[in-house]
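Have a look at the structure below, then the notes.
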Amino acid sequence: MKEQITEPNNSTIPERKHFIQEIIEEDLRNAKNNGRVHTRFPPEPNGYLHIGHAKSICLNFGLAKQYNGKCNLRFDDTNPTKEEQEYVDSIKKDVRWLGFDWEEREFFASDYFHQLYDWAIQLIKAGKAFVCDLSGEEVRKHRGTLTEPGKESPYRNRSIEENLDLFERMKKGEFPDGSRTLRAKIDMNHPNLNMRDPVMYRILHAEHHRTGNEWCIYPMYDWAHGESDSIEGITHSICTLEFEDHRPLYNWYVEQLGIHHPQQIEFARLNLTYTVMSKRKLLQLVEENIVNGWDDPRMPTISGLRRRGYTPEAIRSFADKVGVAKRDNMIDVALLEFSLREDLNKKAARMMAVLRPLKVVITNYPDGQVEELEAVNNPEDPAMGMRTVPFSKVLYIEQDDFKEVPPPKYFRLTPGAEVRLRYAYIIKCTNVVKDANGNITEVHCTYDPETKSGSAQSHRKVKGTIHWVSAEHAVDAEVRLYDRLFTEENPNGDNWKELINPNSLEALSGCKVERSLATVKPQERFQFERLGYFCVDDDSTPENLVFNRAVTLRDTWAKIEKNQ
RNA sequence: UGCCCGAUGGUGUAAUUGGUAACACACAUGACUCUGGAUCAUGGUAGUCUAGGUUCGAGUCCUAGUCGGGCAGCCA
């Protein structure tokens, strides 16, 4: 348990501070930004958000909340060729679902295109930017390499008047895509490649999802991002490590313009074992139908995790546990799974469901008799009350819960042995029925009427308790079992697609679930006793119930079995 | 042979800013249990990348090195 310190205002803050909190508190002590804390979450709407973004969302919104500040949602939509409204919508949905509120502060970099254009003119007039006629290929050649300095563009010293004229004509659409750029005039010998006269605008005759065909020149990330931060009065501009090299350029632009200067701070992005996190790869999984869309429950996307059965609380708690630092990391997916179990253990109603049914006949139970037995909905939360489950002569149990020849330490049903049926009776296996091929088709048992759960005489103890469902009352369901998408911990080499787990989805039909589950709705979550946590899939209907296994229960038996 | 960043157990993150390595996950063992769940208890493994140095004392400071990551889109 993490210790909490109670603040005078009654809010709690984590005891441990990470380096960004240290920076902010130092700024607060120095009354920087007049004591304001203002962050932003700035996704590009070119894909769905994933668990790595969730870390960033929790960080940015969390910091704002902790320091009584604000956090904006801003779409970095400066590349119309890759961005779409669908992504904007999904991002908003996901951030909201995670539990964060940007209030009225929903912004787009494209909101600032006019301001950016005016500022570009200001830089041209100051002799700090020029129109360059070099082709993409030529620009690349002039840039030099990591170890060699670059060469100045022959167009670098055009007159201000000519630059102004050309830039205006670029804007008017007089030139074809790729024919010219506006570049900042900095230093072609700079050891940081980002400072070698970086491109500010490129010509793109493309329709933008918000500005339509108004523009045919679009600002580059570096030119748009810091300026957007500045316009919004962002105090701490938090981003991932790969932008570290861009910070000098970020600073250069705001300094040349003489505008509010947010502080860029970089942290290490999240990596998770047995999955990929790059948008490019996730897009590929979707487009090549390796998974069934962005919200496939095997995807590390927020929408995938949601459909799988993850709760916002579990994801926020996970984000909290992984910490914030600058060193590269690879988080064990077991920590994510733990976060879900921790949350659902307290909240999910218990139900009985049999995934791979094996028929059990209680031979000494009266034909036609049905008893309604009392079951606890959640032993962790008495307030969730009780329900009733029907018991009768013919039941289903899990195939795994019967072994004709039991391995060592097997506590479940075996010939001649006794086992407790949860919330019901102790039964004893008397006979095994097989088909012509020797497969077990049913198991015959007798029950001990004295051992009814909750009754005064039910003192006898048996080693194992198994779950069951009354055949007559059971509801059929489809259950989808998910496993990790990749077979290796770090599937990030060039051969990543060869490492895809061919058995990451196992769909079971003809599963038998207890009566109480007949009326469930998509997104509802349950614990199927002894099996795991399950979530009603979006495909589910009352006629055709579909459950996704979000995560198994901790399985001590599996470990024993494995070590034998 | 460029610039920037990083380095603490199996994995992450801490260490009162120079005071004798902690927390979580994972792992192992035991107790309890009508979920082999939950809960509780216990345990192991680190001399903090290396080598020097400063100091009574270094994960924290200094010097030199080693290893890892990022950067050469008109992507973000």
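Letters A, B, ... mirror the listed sequences (proteins, then strands); counts begin at 1. The basis for the numbers below is simple: all heavy atoms, side chains too, and nothing from hydrogens, waters or symmetry mates.
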Task: Interatomic distance, A:Ile203 CD1 vs B:C75 P [rounded to whole Å] - done: 12 Å
TODO: By nearest nucleotide on RNA chain B, pick out whichever of A:Arg420 and A:Arg554 is the more 5' one.
DONE: A:Arg420
Task: Rounded interatomic separation in angstrom, taking CG from A:Asp222 and P from B:C71 - done: 14 Å
Open item on the list: For the aromatic rings, using the six-membered ring if either is Trp, is the centroid distance between A:Phe243 and A:Tyr250 under 6.0 Å?
Closed with: no
Open item on the list: Need the glycosidic conformation of B:G73: syn if within 90° of 0, anti if not. Which one?
Closed with: syn
Task: Interatomic distance where CZ belongs to A:Arg183 and P belongs to B:C74 [whole Å] - done: 9 Å
TODO: Specify the separation, in whole Å, of atom NZ of A:Lys17 and atom C1' of B:U13.
DONE: 15 Å
Task: Opposite nucleotide pairing with B:U63, Watson-Crick or G-U, both atom distances under 3.5 Å - done: B:A51
TODO: Could you state the atom-to-atom distance from CZ of A:Arg387 to P of B:U35 in whole Å?
DONE: 14 Å
Open item on the list: Is there, by distance only and without an angle test, a donor paired with an acceptor across the side chain of A:Glu489 and the base of B:G10 below 3.5 Å?
Closed with: no
Task: Test: A:Glu313 and A:Lys347 ion pair at under 4.0 Å - done: yes
TODO: Measure across A:Met188 and A:Arg196 and return the closest heavy-atom pair with its distance rounded to 0.1 Å.
DONE: O-CD, 3.1 Å
Open item on the list: Closest approach to the side chain of A:Arg327, judged atom by atom: which nucleotide of B:U13, B:G37, B:C5 is it?
Closed with: B:U13
- [ ] Test for a donor-acceptor pair under 3.5 Å between the base of B:U35 and the side chain of A:Arg350, counting only N and O atoms.
- [x] yes
TODO: May I ask you to say what A:Phe243 touches in the nucleic acid, namely base, sugar-phosphate or nothing, with a heavy-atom cut-off under 4.0 Å?
DONE: base
- [ ] Could you tell me whether B:U20 is syn or anti, where syn means a glycosidic angle within 90 degrees of zero?
- [x] anti
TODO: Would you indicate what A:Phe318 reaches in the nucleic acid, counting non-hydrogen atoms under 4.0 angstrom: base, sugar-phosphate, or nothing?
DONE: nothing
- [ ] Establish, with yes or no, whether the OP1 or OP2 oxygen of B:C74 is under 4.0 angstrom from a side-chain nitrogen or oxygen of A:Arg180.
- [x] no
TODO: Decide, for B:G68, between syn and anti: a glycosidic angle within 90° of 0 counts as syn, anything else as anti.
DONE: anti
TODO: Can you figure out which of B:C5, B:C27, B:C75 approaches the side chain of A:Lys559 most closely?
DONE: B:C27
Task: C1'-based separation of B:G18 from B:G12 [nearest Å] - done: 26 Å
Open item on the list: Any base atoms under 4.0 Å from A:Phe338, or only sugar-phosphate, or nothing? Heavy atoms, all strands.
Closed with: sugar-phosphate
Task: Most 5' of A:Val322 and A:Arg247 on RNA chain B, judged by nearest nucleotide - done: A:Arg247
Task: Whole angstrom value for the distance that separates P of B:C5 from CD of A:Gln264 - done: 13 Å
TODO: Measure from CZ on A:Arg269 to P on B:G69 and round the result to the nearest Å.
DONE: 16 Å
TODO: Kindly say whether, by distance alone, the side chain of A:Asn329 makes a donor-acceptor pair under 3.5 Å with the base of B:G12?
DONE: no
TODO: Using a heavy-atom cut-off of under 4.0 Å over every strand shown, decide if A:Asp381 touches base, sugar-phosphate, or nothing.
DONE: nothing
Task: Ring-face cation of A:Arg40 near A:Phe107 (centre distance under 6.0 Å, axis angle within 45°) - done: no
Open item on the list: Which nucleotide wins on minimum distance to the side chain of A:Arg412, given the candidates B:G70, B:G36, B:A72?
Closed with: B:G36
Task: Ion pair A:Glu137/A:Arg140, N-O distance below 4.0 Å - done: yes
Task: Salt-bridge present (A:Asp229, A:Arg74; N to O < 4.0 Å) - done: yes
Open item on the list: Checking contacts here: which listed nucleotide (B:C74, B:A72, B:G36) is nearest the side-chain heavy atoms of A:Thr145?
Closed with: B:A72
Open item on the list: With a 3.5 Å cut-off and heavy atoms only, can you find an N or O donor on one side and an acceptor on the other between the side chain of A:Gln527 and the base of B:U35?
Closed with: yes
TODO: Please confirm whether any donor atom in the side chain of A:His246 sits under 3.5 Å from an acceptor in the base of B:A76, or the reverse.
DONE: yes
Task: Length of the CG-P vector between A:Asn194 and B:C5, whole Å - done: 14 Å
Task: Check: A:Ile362 and A:Val360 side chains under 4.5 Å, non-hydrogen atoms - done: yes
